[in-house]
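Encoded as structure tokens, the structure appears first; notes follow it.
Numbers restart at 1 for each chain; the letters A, B, ... are given by sequence-line order, proteins then strands. As the structure is a prediction and not an experimental result, all values here were calculated from the model.
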Amino acid sequence: MKKILKHKLAVSGSVIIIAMVILAILAPFFCRYSPDDIDIGQYLLPPSADHLLGTDQLGRDLFSRMVYGARISLSVGFISVGLAVIIGMFFGAIAGYYGGITDAVIMRFVDIMLCFPKLFLILALVALFEPSIYIIMVVIGVTSWMGIARLLRAEILSLKQRDFVLAAKACGVSDVVIIMRHLIPNAIGPIIVNATLGVAAAILLESGLSFLGLGVQPPTASWGNILMDAKFTLGIAWWMTVFPGVAIFITVLGYNLLGEGLRDTLMARK
Amino acid sequence: MLTYITRRLIMLIPLLIGISLISFLVIHLSPGKPTDVQFQFNQKVSLEVRERLEKLYGLDKPVLVQYGEWLKRMARFDFGRSFIDERPVTEKIMERIPITVTINILSLGLIFLMAVPIGVFSAVKEGSFYDRAMTVFVFVGFAMPTFWLALLLMKFFGVTLHWLPVSGMRSLQFEYYTFWGKLADYARHLCLPVCISAFTGLAGLSRYMRTNMLHVLRQDYIRTAKAKGLNQNRIYFRHALKNALLPVITILGLSVPGLIGGSVIFESIFAIPGMGKLFYDGVMSRDYPVIMGVLVIGAFLTLLGNLLADLAYCAADPRIRYSDEKQES
């Protein structure tokens, strides 16, 4: 922990993330306007004291929409990666621990999933269901677990020959307990790194999908779909284009920095 | 070498079967299923579409028969006809593959040309100002939402400066240009998409190159070369670079699915008539035969990319085929 606090990149990443999380959780306290309040008379106003970041083409306060958009981005990031971690750890642990044919089958499955360009698979699934924030979370989750499965498998393969695992086995500890209590805690480092970077990737994916009109659907605000609207006001309302992009960029950068910092500190021991 | 290729080709079979299974699963999530009530609320999927899907994929037949038919279709590259214009899906995809592949090869080439020097010099001058500046540059590219950067640059170079065209592959007067004029016209149209995709895709390869080079520089033979008093540049570029460069081939292969997938965003922003745009339009109009066709062909292209990378690696590094042959004997 001390090492992480000394790592400048990791600290700056964490500061960005914590600030974003506070902003998202306490959203109503920061906003003077509701994100969905339409005021046609006030459309496309530039940033001012009244509307900190200006208003959009329907006269909605951009600052409020951005703050509520942070909620969407962060929850998509966390939940989809949480899902990916659960699926990935499940398959990775089983493949690594049991080996043999189970391992071969699971790893071939991972290879196959990796053959599909991720965005194609996600869009195909989105086309089959109606796009909504829940579908987006699930779809990103089920297409992002392969890296984690591979990592955990590799870690477990090397850990399971170690004495403490053999000792636990000799004591008659059940497989589930060995995996959950002895193997996973010792292999968690790379997974935390991967998951942190995964949140960044998921936020980018969500905003990309929403930008294409296939992610979070209006009127719910998300950084991606504000940018979709900004496409039509390009050259008229710079604030619509600049702020959401900067928000995505800074958030993603925050997770990437934290991820790199964790990689340096958690994995340097080996 | 030949045994390696054969083995590698045999390994493709389970992957192909897997691709067919997963895409089959995706079809089964489709609204053709009579039990899927939720799609009755969806106006885009009319009763007619449902019936056509049922007929196309034989959704009223037993599951195994359906899967058998799907396999046959995949083997013949027959994905049915588009719901929109009734043209065979394969034909529609085939005329667009060259565009997407060209753009991806161009951006892969650009990534390679930029990432190798960045990584090598960062490693040689580890911890220097250059190293840190490059780390920041690469990180910025990595965190940048591609579509946002595209939007900004389109506005700047296209709308404000009028230097570059903002959409499509060719100008209206394209037909009247000379050969070189045509080439220049393509270059002007593709400049932004290729540069942006290279910039945002740079991080992985350049970081990888840096790590590799650092690893190689710590090897004994580099120390020997230094001890011999060999010229520094000769050590870095003749001895170290060659060895650090080899594994990069694999990474290039692995980045294929990301690039192909990313083409959806690029091509729809810049209105480039490639496979990504076709897919995007298909998704927007719920043109299921097109969606399925592109999904499967995208996976084939990825497989092909990985295969080529593996073969290139094998050709470049004899250790691979020797260890492989040893395993067999």
Heavy-atom distance under 4.5 Å to chain B: side chain of [X], backbone, both or neither?
| X | result |
| --- | --- |
| A:Phe249 | both |
| A:Ala200 | neither |
| A:Phe109 | side chain |
| A:Val246 | both |

Give, as side chain, backbone, both or neither, the part of [X] having an atom under 4.5 angstrom from any heavy atom of chain A.
| X | result |
| --- | --- |
| B:Phe139 | both |
| B:Leu301 | neither |
| B:Val140 | both |
| B:Leu152 | side chain |

Could you tell me whether [X] atom [atom1] has more than 12 heavy atoms of other residues or ligands within 6.0 Å of it?
| X | atom1 | value |
| --- | --- | --- |
| A:Phe90 | CZ | no |
| B:Leu9 | CG | yes |
| A:Tyr134 | OH | no |

For B:Tyr280 and A:Leu212, indicate whether the former's side chain and the latter's backbone hold a donor-acceptor pair under 3.5 Å.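 Checking the backbone N and O of A:Leu212 against the side chain of B:Tyr280, a donor-acceptor pair under 3.5 Å is found.
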
Identify the two heavy atoms, one from [X] and one from [Y], that lie closest to each other, and give their separation to 0.1 Å.
| X | Y | answer |
| --- | --- | --- |
| A:Pro117 | B:Pro257 | CB-O, 3.5 Å |
| A:Ala127 | B:Ile291 | CB-CD1, 3.7 Å |
| A:Lys231 | B:Leu151 | CG-CD1, 3.7 Å |
| A:Gly245 | B:Pro145 | O-CG, 4.3 Å |
| A:Cys115 | B:Ile19 | CB-CD1, 4.1 Å |

Heavy atoms only, distances under 4.5 angstrom: which of A:Val242, A:Leu121, A:Val252, A:Ile112 has the most pairs with chain B? Name it, please.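 Of the options given, most contacts go to A:Ile112.
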
Nearest 0.5 Å please: distance from the [atom1] atom of [X] over to the [atom2] atom of [Y].
| X | Y | atom1 | atom2 | result |
| --- | --- | --- | --- | --- |
| B:Ile260 | A:Phe116 | CD1 | CZ | 12.5 Å |
| A:Leu253 | B:Phe142 | CG | CZ | 10.5 Å |
| A:Leu123 | B:Leu295 | CG | CG | 10.0 Å |
| A:Leu227 | B:Trp148 | CG | CH2 | 8.5 Å |
| A:Leu119 | B:Leu259 | CG | CG | 12.0 Å |
| B:Met154 | A:Thr241 | CE | OG1 | 11.0 Å |

Pair A:Leu214-B:Met284, side chain to side chain contact (heavy atoms under 4.5 Å, CB included): steps then yes or no: CA-CA 8 Å; A:Leu214 292 163; B:Met284 287 313 261; 3.6 Å; yes

Please evaluate residues A:Ser207 and B:Phe147 with respect to the criterion side chain to side chain contact (heavy atoms under 4.5 Å, CB included), reporting the C-alpha separation (whole Å), side-chain torsions for both, the decisive distance (0.1 Å), and the verdict. CA-CA 9 Å; A:Ser207 60; B:Phe147 54 93; 3.5 Å; yes

When only pairs under 4.5 Å are counted, which of B:Val283, B:Thr146, B:Asn306 shares the most heavy-atom pairs with chain A?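 Of the candidates given, the most pairs with chain A belong to B:Val283.
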
